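Data first, discussion second: the structure below is written as structure tokens.
Only a predicted model underlies this, so the values are computations on that prediction, with no experimental measurement involved.
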Amino acid sequence: MKTVHQPIIKLDAKALVTGKPVYTEDLAPSDCLVVKLLRSPHAYAKILEIKKDIALKVPGIECILTYEDVPQQRFTMAGQSYPEPSPYDRLILDKYVRYVGDPVAIVAGENEKVVDRALKLIKVQYEILEPVLDFEQAIDHPSCIHPEEDYHVNFDIGNEVKRNICCKEGFEAGDINKAFSESDVVLERTYHTKANNQAMMETFKTYTYLDYNGRLNIVTATQIPFHVRRILARALDMPKSKVRVIKPRIGGGFGAKQTVVSEPYPALVTLKTGKPARLFFTRKETFMASTSRHEMKITVKIGADKEGHIKGIEMYTLSNTGAYGEHGPTTVGLSGHKTMSLYNKAEALKFSCDVVYSNTMSAGAFRGYGATQGTFALESAMNELAVELNMDPIALRKLNMLEVGESIKAYYGEILQSCGLLECLETGKKMIEWDKKYPSYRVDDHKVRGVGMAMTMQGSGISNIDIASSQIRLNDDGFYTLLIGAADMGTGCDTILAQMAAECLECDLDKIVVNGVDTDQSPYDTGSYASSTTYVTGMSVIKACEELKEKMLKEAALQLGIAQEALIFEGHQISNEEGTVTISLDTLAQNAVVGEHDCLIAQASHSSPVSPPPFMVGFAEVEVDTETGRTEMIDYVGVVDCGTVINTNLARIQAEGGIAQGIGMALYEDITYTAEGKMRNNTFMQHNIPTRLDVGNIRVAFESTYEPTGPFGAKSIGEVVINTPCPAIAHAIYNATGVRVRELPITPEKIILGGE
């Protein structure tokens, strides 16, 4: 292949490294109204009175809006296809505030100075309520976090809002009690993963304005432009036809921007004042008033015979959605579906969960989306089971892991059509020198190095729900314009999709022009999330290109006076089989825009009935100081099966970045709250993420398979790469020290105190 499976540089690389004005903040006019939010100092309270008369007298203040000034239309901020499984439990501003940082008032003025002054002059009287800060105590707590009567769900998600249960679900395959009764070894453990912040470079940034037709235009850093349009239309109680969303370049998302966060507030200001407005979150606001990874406690029970054959696996997940439902109902299932599926040979599987409200910042989407937490739990339990059985953990997995052709019980019965898991295991084992280093070896009198491993799977888009569309047209000079609705958030999806188009159309990459997302211009796409872009949007690109080729052949036949069946598409030209009659694409295009000819434009949509899983095996080598408990990453090997690798550069960067994020989750990142519900870790001074010096040597290899339902045989890669570091590092630390830590992050204190 000419462009697919090649290390193509990102299309926007030069613009980004030379500092071109491509981000929301660069594009916002200097005369925008500055918007800031007054936020609640209390974890749970009811607003009794807001006095804003003095603040309104500050020169330069345009407006101050409170819960009395906003539409009373409940909505969800979760960017998901309609009807969303997320509950409609929010207002733009509410009489109740449910976490420290919840918006109380919107202040807009000529500049930051006057807005900051006005914020200090607003006086709010609260009735302080008892907060629910421990999510393990949320169910049937005396405080009901959502007492409102207009709370709404689109369908049954097991919601019991008066008990602080956002949702519950479960599934069962086989007789789990029988499986455990027939097991020689039954192990039951509980694992605790904490909330983490996505920590993308660009914070939440939005500016809004009314165009000459009075339509609301929203320029925003988002992964979900079309969902933003629908969500804001509901929240603002206005028709979608009056809302336009434009997505410029995004400085990272990692799931954070799959949720509407900053958009409603300047939009409301613009509607109230008729003036452009902008809201740029500070880093502190991004930490304390957006969304985080879901904190989860997961209990795993495994039964196996003495040879290591898994008889049964049962998992129960308690997930903390925080103050609002957001992505709670959809995240939790992945902690079971995308973990137990690895061990499809088990005779019985059972999963159940509760997602609860608490008075902490709401949790949302984060790379891995629940599978990360579930992988830490189940893979850690598998490593513990290997010790109980006195087996090598690699041998235990080889005995039980799923294979091509199996119907995956925990994964909606999908038939596995591609899987390189065994090859990933073997390659990683050699790269880390497992047989030489396992389980550990001593470096000096107080430093020991250990190795550990884990495996994982994810998905490729959301089957039978999400959809992508692409449009491609031949322009009058023989180059192509590709319109897509998928939001490139720095991952390079514009480049990857252009590579696919160039491969289909047999042309150089510079013949493909890709435009950013504009809901007025771009074809519909559910957005860049759920590892969907390469797999789902990629297939829509291929379909559109094939349709365009047919249209070009038909038009060439008309212009040449030759039967279409006798013509061949050759990339730069169309000719007959003998090559005696040809027409170049630029001539074809120029002729097609004169007189009675067909416009050479094609559009196609794609939605997949399956979500083929990519796989990864991770191997960690750590060095632990037994005197201090300090853990140093030495080496991390990740071996990935993502089907056909479309762009070898970008795939490697995705894998390396995901592994680094996983290392941060395993060893450093933690969100905690004071007794009053205030987040302690709301800046980079308190919320530690690893630097390049903290992640050791990261090595990535690919074991390519061919997925028949994917574009050029590709599956996804974006999320699967974050899942293995937590269990692999925990395993390596255990092998080095004998200390089993089941709560993240794994700090020196926990190691010295003996873990558990």
Side-chain angles (χ1 to χ4, degrees), residues 19-39 55 58-65 69-70 77 92-93 101 103-119 122 200-212 214-225 228-229 231-233 235-236 238 242-253 256-257 259-290 487 489 516-520:
K20 298 298 182 184
V22 297
Y23 297 104
T24 301
E25 186 168 0
D26 302 324
L27 303 176
S30 58
D31 60 349
C32 274
L33 292 176
V34 173
V35 177
K36 292 192 177 187
L37 303 177
L38 179 69
R39 298 186 178 277
V58 174
I61 288 298
E62 186 72 24
C63 68
I64 298 175
L65 307 175
D69 305 305
V70 305
M77 286 189 172
I92 296 175
L93 296 172
V104 172
I106 306 168
V107 181
E110 293 177 355
N111 55 58
E112 287 197 36
K113 185 176 180 180
V114 301
V115 172
D116 287 340
R117 183 181 175 193
L119 283 168
I122 300 172
M200 61 283 178
M201 291 181 69
E202 182 192 25
T203 62
F204 298 96
K205 297 187 177 182
T206 301
Y207 90 85
T208 56
Y209 63 95
L210 298 178
D211 64 19
Y212 59 90
R215 296 175 72 227
L216 175 64
N217 285 244
I218 301 161
V219 181
T220 188
T222 181
Q223 298 171 222
I224 48 164
V228 169
R229 182 178 66 179
I231 292 167
L232 287 194
L236 296 167
M238 60 191 298
K242 295 292 186 181
V243 182
R244 176 189 184 191
V245 178
I246 302 167
K247 179 211 75 73
R249 294 287 97 181
I250 303 177
K257 294 169 184 173
T259 306
V260 170
V261 175
S262 55
E263 291 87 352
Y265 310 106
L268 189 63
V269 168
T270 291
L271 291 175
K272 293 285 188 180
T273 65
K275 297 181 179 181
R278 56 93 163 167
L279 173 58
F280 301 156
F281 271 37
T282 64
R283 181 62 62 179
K284 186 174 181 180
E285 284 182 299
T286 299
F287 271 112
M288 66 175 285
S290 58
M489 51 179 160
V517 183
D518 178 338
T519 56
D520 272 8

Any donor-acceptor N/O pair, E263 side chain to V261 backbone, under 3.5 Å = yes
Does R215 pair with D520 as a salt bridge, N-O distance under 4.0 Å?
-> yes
Given side chains that start at C-beta, do those of N217 and L210 come closer than 4.5 Å, heavy atoms only?
-> no
For R244, which of L216, V219, D518 qualifies under side chain to side chain contact (heavy atoms under 4.5 Å, CB included)?
-> D518
Partners meeting side-chain hydrogen bond (donor to acceptor under 3.5 Å, both in side chains) with E110 (sequence neighbours left out) = none
Please tabulate, one pair per line, all N/O donor-acceptor pairs under 3.5 Å involving side-chain atoms of residues 266-279, not counting sequence neighbours.
from	atom 1	to	atom 2	distance (Å)
T270	OG1	T208	O	3.4
T270	OG1	T208	OG1	2.6
T270	OG1	P266	O	3.2
T270	OG1	K275	O	2.9
K272	NZ	D69	O	3.1
T273	OG1	V269	O	2.8
T273	OG1	K275	N	3.1
K275	NZ	E62	OE1	3.1
K275	NZ	E62	OE2	3.3

Sequence-distant partners of F280, ring pair (Phe, Tyr, Trp, His ring centres under 6.0 Å), two or more places apart | none
The side-chain hydrogen bond (donor to acceptor under 3.5 Å, both in side chains) partners of K247 (sequence neighbours excluded) come to none
Hey, are the side chains of M200 and M489 touching, using non-hydrogen atoms and a 4.5 Å cut-off?
-> no
Contacts of P59 meeting side chain to side chain contact (heavy atoms under 4.5 Å, CB included) (sequence neighbours excluded), chain-then-number -> R117
With sequence neighbours left out, write down each residue that passes ring pair (Phe, Tyr, Trp, His ring centres under 6.0 Å) with Y23, or none if nothing qualifies.
-> none
Residue list, side-chain hydrogen bond (donor to acceptor under 3.5 Å, both in side chains) with T286, at least two apart or on another chain | none
For A118, what residues pass the side chain to side chain contact (heavy atoms under 4.5 Å, CB included) criterion, not counting sequence neighbours?
-> A55, V58, I61, V107
side-chain hydrogen bond (donor to acceptor under 3.5 Å, both in side chains) partners of R229, counting only residues at least two apart = none
Might you point out which heavy atoms bring T519 and V243 nearest each other, and give the distance in Å?
-> OG1-O, 4.4 Å
Who are the ring pair (Phe, Tyr, Trp, His ring centres under 6.0 Å) partners of F287, not counting sequence neighbours?
-> F684, H687
K113: side chain to side chain contact (heavy atoms under 4.5 Å, CB included) partners, not counting sequence neighbours = N111
Sequence-distant partners of A221, side chain to side chain contact (heavy atoms under 4.5 Å, CB included), two or more places apart | T24, E202, I250, K257
